[in-house]
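Read the structure below first, then the notes.
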Amino acid sequence: MKKYISKNMFRPVSRGPSIIFKRRSSESETKTTCEDVPTAMDDSQDVLPPVQEDSVLALDSDMLGIPLDRSDAPMCHPASEEPDDEDKKAELEIKVEPISLPPAPCIYNKGKRIVIVTNRTDINRQAEWDDVASFVDKHRRRASGELPPHDSSSSSCEYGQGVGADDEWEGPPTWIDFQGMELSDLQQVEQFFGLHHLTIEDILSTDTREKAERVPNHAYYYVVVNELHYKQYSNVLNEVNIVVLLFKNFLLTFHRSPVLCLHQVDRLLDFCPGKRIPSADWVLYALLDGIVDLYIMLVDQTVMEAESLDELVNVLTGVEQNELLARIGLAARRAAHLHTGLWNKREILSALMREDAPIIKDNRIYVQNVFDHVLRMFQKLKLGRQLLGSLNGVYMAKVNLELSLASNDVNIIMRKFASLSSIFLPLTLISGIFGMNVRVPGMIGEPDTPEGYGWFIGIMVFMVLLAIVIALAFRRFKWL
């Protein structure tokens, strides 16, 4: 990118602070100082860069929108030298260095992957099955005495510090995350860690009930928890099962697709001493904290939606109410879904706070904090559901009121039609009777006939009888 700076604006007479300021080539040169330049710039209403004491023409990064290396700024020509043509422009080359971003952590990748984490750095690299096998082998060798115990003060975090189901842990606190594992992969995991076959079935299932329990005759605590988040580029909620197996000082997690609660573990590791995992149950706390934080966001959105609908229910009318009813129903279903999820999270956290739970004493306060967040979300969600329930009643009452008003309007219109009909009905009856093709009373210019008014009287009697029969029929059908 190239920027052109006109030389007609500044031309220093020497390399000192004294400069010559010219607005136009036709004006005389006025000797001034660097402090007068901003005032002259304001007077000329031109946006110009400040002039430095050493007469270096510098551009402010805010003016150009990009960082500028001031060492590359050209020196202004002194007045003692031969000046260039004032119509020429000095060309300034601005070099923009590309910004190098750090690689995304491997723990956020999609597809099948394994990550073995003992500190913050391990999140950025992907492990293989050989690393898991080495992990198990080193643990067993340490448990049997072939290898010395791990030095917890060491800063090295190599893969495979040893793991097992029934042996005593001798390595650093470790977290192994499995994503997208198939049946063949889980069979290897079952062989490596001595898992129960029902645990493998629950990992493969997508509708496992959320729970927290200890597996009999096995040295791990079994936790199933669901994460609820929006699908990418969509407003549809997606639920992902996360299976957590908590051993004495290491933890295994299994999930089919990427989950957002891993970001919470990544973030909290920055606050740990040495950015290392303090303990295996700490990772479980961090996962639950990340999941509950997602619920906090969803509950806040649902409550805000309920409050917005509460304001709109008294404003929208007519066809606009159709969308309002759909939004009320959607918010009510989402609130019910969130209530079910929070209830399950509360049961899991309650189980983890028991005395027989594998949570060390120092971490119980963190689990209690997450439990408090869940209770607060319960209270907010309860208020939101009550508001949505009242909104449904208010909406139906408003619809009934509008129907009553519409029916009243129709009745008013029909009353007008009935009034007009009442006016013209007797006129029509009289004209019909006296317009018959028989001798009627009052006829002028008609000769007397032997029949007289017989036909007229017969027709009138028939009409009266017919009206009586119809009235009795309507009364029987309760139309009158």
Q: Could you check Ile360, Leu251, Asp362, Ile359 and say which one makes a side-chain contact (heavy atoms from CB on, under 4.5 Å) with Ser279?
A: Ile360
Q) Strictly by modelled atom types, are Arg376 and Gln379 linked by a side-chain donor-acceptor pair under 3.5 Å? A) no
Q. Any salt bridge between Lys112 and Asp185, counting N to O under 4.0 Å?
A. yes
(Q) Would Phe378 and His339 count as a ring pair (Phe, Tyr, Trp, His ring centres under 6.0 Å) here? Give the steps. (A) CA-CA 7 Å; Phe378 256 115; His339 184 272; 5.2 Å; yes
Q: Of all the heavy-atom pairs spanning Pro358 and Asp281, show the shortest one and how long it is.
A: O-CB, 3.8 Å
Q | side-chain hydrogen bond (donor to acceptor under 3.5 Å, both in side chains) partners for Asn408, two or more places apart | A | none
Q: For side chain to side chain contact (heavy atoms under 4.5 Å, CB included), just list the numbers for Leu268 and Asp289, CA-CA rounded to whole Å, side-chain angles, deciding distance to a tenth of an Å, and then say yes or no.
A: CA-CA 10 Å; Leu268 292 179; Asp289 189 37; 4.3 Å; yes
Q. Would you find a donor on one side and an acceptor on the other, under 3.5 Å apart, between the side chain of Glu190 and the backbone of Ile200?
A. no
(Q) Could you report the tightest heavy-atom contact between Val367 and Leu349, atom names first, then the distance? (A) CG1-CD2, 3.9 Å
**Q.** Verdict with supporting geometry, Val244 and Thr253, side chain to side chain contact (heavy atoms under 4.5 Å, CB included)
**A.** CA-CA 5 Å; Val244 182; Thr253 54; 4.1 Å; yes
Q. Within a radius of less than 6.0 Å around CG of Leu403, do more than 12 heavy atoms belonging to other residues, nucleotides or ligands occur?
A. yes
Q) Can you name the closest pair of heavy atoms from Leu245 and Thr199 and give their distance? A) CD2-CG2, 3.8 Å
Q: Could you verify whether a donor N or O on one side chain and an acceptor N or O on the other, from His255 and Asp177, lie under 3.5 Å apart?
A: yes
Q | Listed partners of Arg334 passing side-chain hydrogen bond (donor to acceptor under 3.5 Å, both in side chains), at least two apart | A | Tyr230
Q. Where is the tightest heavy-atom contact between Glu210 and Lys345, given as atom of each residue plus distance?
A. OE1-NZ, 2.8 Å
(Q) What verdict does the side chain to side chain contact (heavy atoms under 4.5 Å, CB included) test give for Leu325 and Val399, after you've listed the backbone C-alpha separation in whole Å, the side-chain angles of each residue and the deciding distance to 0.1 Å? (A) CA-CA 11 Å; Leu325 180 62; Val399 170; over 6 Å; no
Q) Considering all heavy atoms of both residues, which atom of Glu128 and which atom of Asp131 are nearest to each other, and what is their separation? A) N-OD2, 2.8 Å
Q. What are the two closest non-hydrogen atoms of Ala351 and Ala357, and how far apart are they?
A. O-CB, 3.4 Å
Q.
Between Arg364 (side chain only) and Met353 (backbone N and O only), is there a donor and an acceptor less than 3.5 Å apart?
A. yes
**Q.** Heavy-atom donor-acceptor pair, Arg327 side chain to Ala306 backbone, under 3.5 Å
**A.** no
(Q) With a sphere of 6.0 Å drawn around CH2 of Trp343, does it hold more than 12 non-hydrogen atoms of other residues, nucleotides or ligands? (A) no
Q.
For Tyr220, is there any backbone N or O sitting under 3.5 Å from a side-chain donor or acceptor partner on His218?
A. no
Q. Counting only heavy atoms not in Met297, do more than 12 sit closer than 6.0 Å to its CE atom?
A. yes
**Q.** With sequence neighbours excluded, residues passing salt bridge (charged side-chain N to carboxylate O under 4.0 Å, His left out) with Asp202
**A.** Lys211
**Q.** Intermediate values then yes/no, side chain to side chain contact (heavy atoms under 4.5 Å, CB included), Leu294 and Leu228
**A.** CA-CA 7 Å; Leu294 294 175; Leu228 194 64; over 6 Å; no
Q.
Looking at Gln386, I'd like to know if its CD atom is crowded, meaning that more than 12 non-hydrogen atoms belonging to other residues, nucleotides or ligands lie closer than 6.0 Å.
A. yes
(Q) Please check this pair: side chain of Asn369 against backbone of Ile365, looking for a donor-acceptor N/O pair closer than 3.5 Å. (A) no
